[in-house]
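This is a predicted model, so every value here is computed, not measured. A, B, ... follow the sequence lines: proteins, then strands. Residue 1 opens every chain.
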Number of protein chains: 2
Amino acid sequence: MATIEDVARRAGVSQSTVSYALSGKRPISADTRRRIEKAIEELGYRPHAGARALASARTDVIGLMAPLRTGVDVNVIMQFVAGVVTGASRSGYDVLLLTQDEGSVARVTSSSMVDALVVMDVEDDDARLPALQNLRQPAVLIGLPTDPHGLSCVDLDFAQAGAVAVRRLVAAGHRSIALIGSPAEVVSRHTSYAERMTRGFVGACEAAGAAYLVLPTAASAAGAVASVDRILAMMPDVTGLVVHNEVALPHVISRFQMRGRGVPDQVSVVAVCPENVAVSLPSPVTSVDIPAESIGQIAVEMLTGLMKDPSRGEVRLVSPRLTERGSVHEVEVVTGA
Amino acid sequence: MATIEDVARRAGVSQSTVSYALSGKRPISADTRRRIEKAIEELGYRPHAGARALASARTDVIGLMAPLRTGVDVNVIMQFVAGVVTGASRSGYDVLLLTQDEGSVARVTSSSMVDALVVMDVEDDDARLPALQNLRQPAVLIGLPTDPHGLSCVDLDFAQAGAVAVRRLVAAGHRSIALIGSPAEVVSRHTSYAERMTRGFVGACEAAGAAYLVLPTAASAAGAVASVDRILAMMPDVTGLVVHNEVALPHVISRFQMRGRGVPDQVSVVAVCPENVAVSLPSPVTSVDIPAESIGQIAVEMLTGLMKDPSRGEVRLVSPRLTERGSVHEVEVVTGA
DNA sequence: TTGAAAGCGCTAACAG
DNA sequence: CTGTTAGCGCTTTCAA
């Protein structure tokens, strides 16, 4: 492998000139620059990442902690990851994929393997928070812990998402609304998005005086079937449905159909899920988008901001956007006697 | 951050002694070792990854090219990735996540960011192959290109998987069998697993004298419905089904049900998918497992082998294993007049 | 606009 | 069993 010294020799300049030509940190005459570029080209030179990291104390690598255990929301997770990778590469960073275990944060940060961290799947009272707060490197969380003190966070505003979904149904006249939510494991693990979603849903139902039901639902066809059957048992007059569970969604719809309640004729549905999930159903579903990929990109943007100016910490909640796809029908509003 | 020099001073030894104590590359007296460990502990010392990479020409990082665009087989992809990360961390490696674009292989290898590469989603005649063959670093492909010349590969033996699935159905007396396969995009992109699967399926059907039908199927509920309807139109006497499409699977089953053919009473099903997909259906499905996670781990093991001895290239096809879950029923074999 | 040279923190000869 | 020391390839001050 060619080194910067080889390049310098070949271009007839000093190492530092090559270095500066590469970094653009000082002006280089057009002629010199041309000779350097030629030498680089001919030698196929690439700076050695380790040497650069040693000398400059930066690695141009971002660490990403992602929940890889398959199961719930694989789509959403993959889209977050894709967003982070895209955003990183756009800003000249690579991404080091870390496992969830607590040790790896300390390992990669204190051995200077990464310049910054993105942490996904944050719990209310996440065990990793103290470690993250005492880091030389900045960190951005995707999610929202109870106390984000000193940490930057970005997430969809799930409370708003729940409220927006309900309000859409209420506006169409629905007054008995059920929430098919995240699996019970997610809720009990206190990953806050499920709670925020529920809070928004409940708040909007109460504000509208609508009857409501909240059912955490396993991310499987079986879970969907069980929840639909329970809804029909507990709330037989249900006409509106908010589904925040991408795996269950299609099965919920077909189960309602099977139980004699067609969507959207007898039951209106608003999903909260990534767009691609909502559009690829047999008949597309009106949904509040989870813009996972752009949230991933935003996380990286926040990180590059923090690396320039560490005081720029902030919490960013992305506003939800509802897209009509025809799965909500107007109902006759029965006015009280 | 403490450096190795700080540790050495505090322990009253030389830098090299600390280095050797850490690497175990030469014997250290018990007493010295204890003092060093104490100093490391007290200072919270961690070797600087860049410095180490520069001096030793190894990074202990493996590059992983994974298809992050969501869609088909997200589960399978995540499990591959999880397997690679697990395997890597078990062998003391970290994982750098690369995008699919061709440039990144050259970038991370020639700047010495990684010691080795795992490449997923390999196509028959993959554009990245030439670049991979001329690398200082070893590479393992997950998948099987047409000409794996000089490259190590690992994958499920999809031809066998197809055959095993068919033979199970044939053994139960089925003679009209359909394959619900990967989406047409996958097939036309020539990712070889779809073709190998089809070849195994067709071969086994012909060997058994069974009628068969192959239907590439979109990874969506809509795709499933369309394929089921086509099967019933083209092969009304179908009784056996092989499904190699994890997204379509549940919808295929419920569509058959809806069309009056219950699984397994009227139609027997063998899926080819990860175990967790097969078991989490409303009623579990007999399946040929895609052991994605262990294939990911095997890929890393092959890599560590190659790093010790680069001549150890090989192609490994993991034998499929079928697990009974009750979705295959015996049929009366109608003997010819 | 350019060059010389001092590190960055570690590994691995070489020497004892 | 341990110490001395020469790099690894780059960035960045200092000096011109």
Among all residues two or more places apart in sequence or in another chain, which pass the salt bridge (charged side-chain N to carboxylate O under 4.0 Å, His left out) test with A:Asp289?
none
Taking five pairs at each end, how big is the angle between the two axes of the helix from C:dT1-D:dA16 to C:dG16-D:dC1, to 10°?
30°
Filtered N/O pairs between nucleotides 12-16 of chain D and protein, under 3.5 Å:
residue	atom	partner	partner atom	Å
D:dT12	OP2	A:Lys25	NZ	3.0

Just the rounded figure in Å: distance from P of D:dG3 to CD1 of B:Ile4.
12 Å
A:Asp6 has an atom CG; how far is it from atom P of D:dG9, in whole Å?
9 Å
Taking side-chain hydrogen bond (donor to acceptor under 3.5 Å, both in side chains) as the cut-off, I'd like each qualifying pair that reaches into residues 89-101 of chain B, sequence neighbours left out, listed once.
A:Arg107-B:Asp94, B:Arg58-B:Tyr93, B:Arg90-B:Gln297, B:Thr99-B:Asp101, B:Gln100-B:Arg128
Given that B:Leu54 and A:Leu22 both sit by DNA chain D, which one's nearest nucleotide is further toward the 5' end?
B:Leu54
Donor-acceptor pairs under 3.5 Å, side chain of residues 129-144 of chain A to any protein atom, not counting sequence neighbours: which ones?
residue	atom	partner	partner atom	Å
A:Gln133	NE2	A:His149	O	2.8
A:Asn134	ND2	A:Pro130	O	3.2
A:Arg136	NH2	A:Thr109	O	3.4
A:Arg136	NH2	A:Ser112	OG	3.1
A:Gln137	NE2	A:Thr109	O	2.9
A:Gln137	NE2	A:Val114	O	3.2

My understanding is that only residues two or more places apart in sequence, or in another chain, count here; which of them pass side-chain contact (heavy atoms from CB on, under 4.5 Å) with A:Thr3?
A:Glu5, A:Asp6
B:Asp157: what forms a side-chain hydrogen bond (donor to acceptor under 3.5 Å, both in side chains) with it, not counting sequence neighbours?
none
Residues that B:Ala55 engages under side-chain contact (heavy atoms from CB on, under 4.5 Å), provided they are two or more places apart
none
Which pairs of donor and acceptor atoms, one on a side chain in residues 41-50 of chain A, lie under 3.5 Å apart (sequence neighbours left out)?
residue	atom	partner	partner atom	Å
A:Glu42	OE1	A:Arg10	NE	2.7
A:Glu42	OE1	A:Arg10	NH2	2.9
A:Glu42	OE2	A:Lys38	NZ	3.2
A:Arg46	NE	B:Ser110	OG	3.3
A:His48	ND1	A:Gly50	N	3.0
A:His48	ND1	A:Ala51	N	3.0

Taken to the nearest whole Å, NE2/A:His48 to C1'/D:dG7 is 13 Å
Side-chain N or O of B:Ser14 less than 4.0 angstrom from OP1 or OP2 on D:dG3?
yes
Earliest and latest nucleotide of DNA chain C, 5' to 3', sitting under 4.0 Å from a non-hydrogen atom of chain B?
C:dG9 to C:dC14
Test salt bridge (charged side-chain N to carboxylate O under 4.0 Å, His left out) applied to B:Asp115 - qualifying residues, sequence neighbours left out:
none
Does some side-chain heavy atom of A:Val108 sit less than 4.5 Å from a side-chain heavy atom of A:Leu96?
yes
Working to the nearest 0.5 Å, report the span between CG of A:Asp60 and CE of B:Met113.
7.5 Å
Using the side-chain hydrogen bond (donor to acceptor under 3.5 Å, both in side chains) criterion, which residues pair with B:Ser319? Sequence neighbours excluded.
none
Which part of the nucleic acid, if any, lies within contact of B:Arg58, taking any heavy atom under 4.0 Å across all strands shown: a base, the sugar-phosphate backbone alone, or nothing?
nothing
